[in-house]
2 protein chains.
Amino acid sequence: MKNSTKVKNLKSISKSEETRQRILDAAARLFRKQGYSVRLADVAEAAGVKTGSLYYHFKGRDDLVDEVLSLAMEKLDQCVQQELALLPDSATPLDRVKAAIIADAKMALEVSDYSAANTRIFPIISGEMRKRHYIRHQKHGELINALLEEAEAVGQLRPGLDLPTIRMLFLGAIAWTGEWYRPNRERSPESVIEQLLTMVLLGIQAPRK
Amino acid sequence: MKNSTKVKNLKSISKSEETRQRILDAAARLFRKQGYSVRLADVAEAAGVKTGSLYYHFKGRDDLVDEVLSLAMEKLDQCVQQELALLPDSATPLDRVKAAIIADAKMALEVSDYSAANTRIFPIISGEMRKRHYIRHQKHGELINALLEEAEAVGQLRPGLDLPTIRMLFLGAIAWTGEWYRPNRERSPESVIEQLLTMVLLGIQAPRK
DNA sequence: GTCTATATCCCGATAGAC
DNA sequence: GTCTATCGGGATATAGAC
């Protein structure tokens with residue numbers, strides 16, 4: 001009666017859900033900037049609530065971390081699927097590799113808070129949580145590897161490449177953009193993606209004979 | 001008389017110096033694995049001393065961080081200078097770019113603890129210490145940029161590259177190896193460097209006409 | 001759901017014996 | 001130089017009012 005839970009499935013978002021979201025956004029931003037050990041009090045303040053209130057929405061730091069990392073990978077997967085789906089039927093395997101690289105780079109350069117938080121925090125978590133997220137990272141890696149293998153199979157790649165290594169190298173270049181790139185007048189995210197594609201694709205594709 | 005300070009400049013290393021070194025190595029290893037907020041008690045234990053003893057050698061966490069980051073950059077600079085010095089006089093500007101990339105990659109893939117700690121920790125420090133280390137990073141970046149510009153000036157680079165962006169992209173690929181690469185039977189550091197050089201150099205060099 | 005107040009714990013840092 | 005013991009600050013997490 002007095003609360004909105006009855007209608008939350010319709011369109012509006014319950015107050016609770018909204019606050020929870022603000023906390024997650026703040027957490028992503030601060031994890032990104034300060035790493036795993038950020039003070040929860042700072043997260044609370046950035047979200048406009050008091051420290052104690054965090055615990056109504058999350059069990060503690062690791063619960064928060066878990067959620068931020070999950071959302072990051074979810075967004076990434078969606079973005080990759082979307083880029084691939086937009087390709088015309090005539091797209092070659094190398095076009096599909098290109099699309100995947102663009103998707104990854106867009107995440108890192110534009111949606112960046114969750115993505116950059118993921119980049120910075122995933123490497124230092126451990127235990128059960130690590131195992132769980134590791135699997136998602138693996139799956140993403142395997143998708144890209146499959147795309148590379150298809151391109152190789154049809155002769156679009158330079159001979160002699162070690163595909164898993166190549167994959168980690170360009171994913172590293174992308175991940176690292178979170179540490180140095182900030183949007184500005186001189187360089188748009190698109191211009192960085194363009195340079196990335198030039199270097200990586202011309203570096204790995206078979207020379208025209 | 002009773003201690004070794006009198007002779008420490010000759011050849012032997014004083015006990016103090018040796019312990020200090022063990023602490024630094026342990027710190028580099030743990031900063032690398034767990035990031036800035038590692039517990040100093042863990043560092044002490046890894047170095048084989050008790051927590052209290054740390055404070056005889058270092059003022060506190062930031063003193064330790066400062067030293068680890070400084071050593072990392074020192075080793076890197078040395079390594080770059082050495083690779084460049086080994087080049088024959090006939091080396092082209094692009095050869096010099098290649099040498100610099102190899103030096104950076106060697107640091108990341110082989111000497112890795114200090115280098116990887118630097119990679120992980122530099123982005124999250126702030127204040128006066130950040131400013132100091134930022135300058136060293138800048139200087140290193142400018143050196144590489146200069147090498148790239150020389151290669152561009154003599155027409156060895158593909159037209160249309162944004163050199164600072166290209167630099168950050170391949171340095172990112174290198175930095176990120178610290179997060180995934182571990183030496184093993186299948187892939188030597190050299191083999192990773194070979195793949196890196198293939199992708200980056202063939203990606204940026206001017207096509208043969 | 002969110003607040004205030006507080007209990008609890010952990011860790012960095014110091015003091016002082018050896 | 002290194003240890004043991006301990007102090008004090010600060011952050012997490014909880015209890016309970018509103």
Side-chain angles (χ1 to χ4, degrees), chain A residues 1-9 12-27 29-31 33-68 121 124-127 129, chain B residues 1-9 12-28 30-31 33-68 121 124-127 129:
Chain A
M1 276 75 167
K2 73 174 197 292
N3 65 31
S4 62
T5 38
K6 276 268 175 69
V7 292
K8 86 171 173 192
N9 289 335
S12 71
I13 296 168
S14 72
K15 177 120 174 285
S16 168
E17 202 45 49
E18 191 188 303
T19 303
R20 185 186 151 85
Q21 194 58 51
R22 276 208 325 279
I23 295 173
L24 280 172
D25 286 349
R29 201 166 71 250
L30 292 183
F31 279 142
K33 188 160 21 178
Q34 308 184 35
Y36 179 84
S37 307
V38 97
R39 287 188 316 176
L40 296 187
D42 289 344
V43 173
E45 189 184 342
V49 297
K50 298 296 178 180
T51 309
S53 310
L54 280 187
Y55 294 87
Y56 174 80
H57 300 277
F58 300 94
K59 283 207 284 287
R61 160 182 265 101
D62 280 354
D63 196 19
L64 211 40
V65 169
D66 201 35
E67 191 73 14
V68 168
I121 289 180
I124 76 171
I125 61 176
S126 58
M129 186 158 69
Chain B
M1 278 70 173
K2 73 174 198 291
N3 65 32
S4 62
T5 39
K6 275 268 176 68
V7 293
K8 88 171 171 192
N9 289 333
S12 71
I13 295 169
S14 72
K15 177 120 175 285
S16 169
E17 202 46 49
E18 190 188 302
T19 304
R20 185 186 151 85
Q21 195 57 50
R22 275 209 322 278
I23 295 173
L24 279 172
D25 287 349
L30 292 184
F31 279 142
K33 188 161 20 179
Q34 308 184 35
Y36 179 85
S37 307
V38 96
R39 286 187 315 173
L40 296 188
D42 289 343
V43 172
E45 189 184 344
V49 296
K50 297 295 178 179
T51 309
S53 311
L54 280 186
Y55 294 87
Y56 174 79
H57 300 278
F58 300 93
K59 284 206 284 286
R61 175 192 302 283
D62 280 354
D63 195 19
L64 211 41
V65 169
D66 202 35
E67 191 72 17
V68 168
I121 290 181
I124 76 170
I125 61 176
S126 59
M129 186 158 70

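Treat the numbers as computed from the prediction; the structure is a model and nothing was measured.
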- Query: Using a cut-off of 4.0 Å on non-hydrogen atoms, how would the nucleic acid contact of B/S53 be classed: base, sugar-phosphate, or nothing?
  - Reply: base

- Message: With side chain to side chain contact (heavy atoms under 4.5 Å, CB included) as the criterion, how do B/V68 and B/I121 come out once you've worked through the C-alpha distance, each side chain's angles and the decisive distance to 0.1 Å?
- Response: CA-CA 10 Å; B/V68 168; B/I121 290 181; over 6 Å; no

- Query: Please give, in whole Å, the distance from C/dT14 C1' to B/F58 CZ?
  - Reply: 18 Å

- Message: Whether B/R61 contacts C/dG12 is assessed here as follows: a side-chain N or O lying under 4.0 Å from the phosphate OP1 or OP2. Is that the case?
- Response: yes

- Is the charged tip of A/R61 near the ring of A/Y36: under 6.0 Å from the six-membered ring centre and within 45° of its axis? yes

- Decide yes or no for A/Y56 and A/I23: does some side-chain heavy atom of the first lie under 4.5 Å from some side-chain heavy atom of the second? no

- Item | Rounded interatomic separation in angstrom, taking CG from A/L54 and P from D/dT12 | 9 Å

- D/dA13 OP1/OP2 closer than 4.0 Å to side-chain N/O of A/Y55: yes

- Between B/H57 and A/V38, whichever has its closest DNA chain D nucleotide further toward 5' is B/H57

- Check the distance between C/dG16's P and B/K50's NZ and give it to me in whole angstrom. 22 Å

- Query: Where the side chain of A/V49 is concerned, which of C/dC3, D/dT12, D/dT2 is the nearest nucleotide?
  - Reply: C/dC3

- Query: In whole angstroms, how far is the P atom of C/dC11 from the CD atom of B/E45?
  - Reply: 12 Å

- Of the listed nucleotides C/dC11, D/dA11, C/dG1, the one nearest the side chain of A/R39: D/dA11

- Message: Could you tell me how far apart A/D63 (CG) and D/dT12 (P) are, to the nearest whole angstrom?
- Response: 15 Å

- Message: Rounded to whole Å, how long is the line connecting atom CG of A/D42 with atom C1' of D/dG10?
- Response: 12 Å

- Here the pair of heavy atoms bringing A/F31 nearest to A/V38 is CE2-CG1, 4.1 Å

- Residue-phosphate contact under 4.0 Å: A/Y56 side-chain N/O, C/dG1 OP1/OP2: yes

- Task: Report which part of the nucleic acid A/T19 touches: base, sugar-phosphate, or nothing (heavy-atom distance under 4.0 Å, all strands).
- Result: sugar-phosphate

- Rounded distance in Å - CG (A/L40) to C1' (D/dT14): 14 Å

- Message: Ignoring hydrogens, what is the shortest heavy-atom contact between B/L24 and B/L64? Give both atom names and the distance.
- Response: CD2-CD1, 4.1 Å

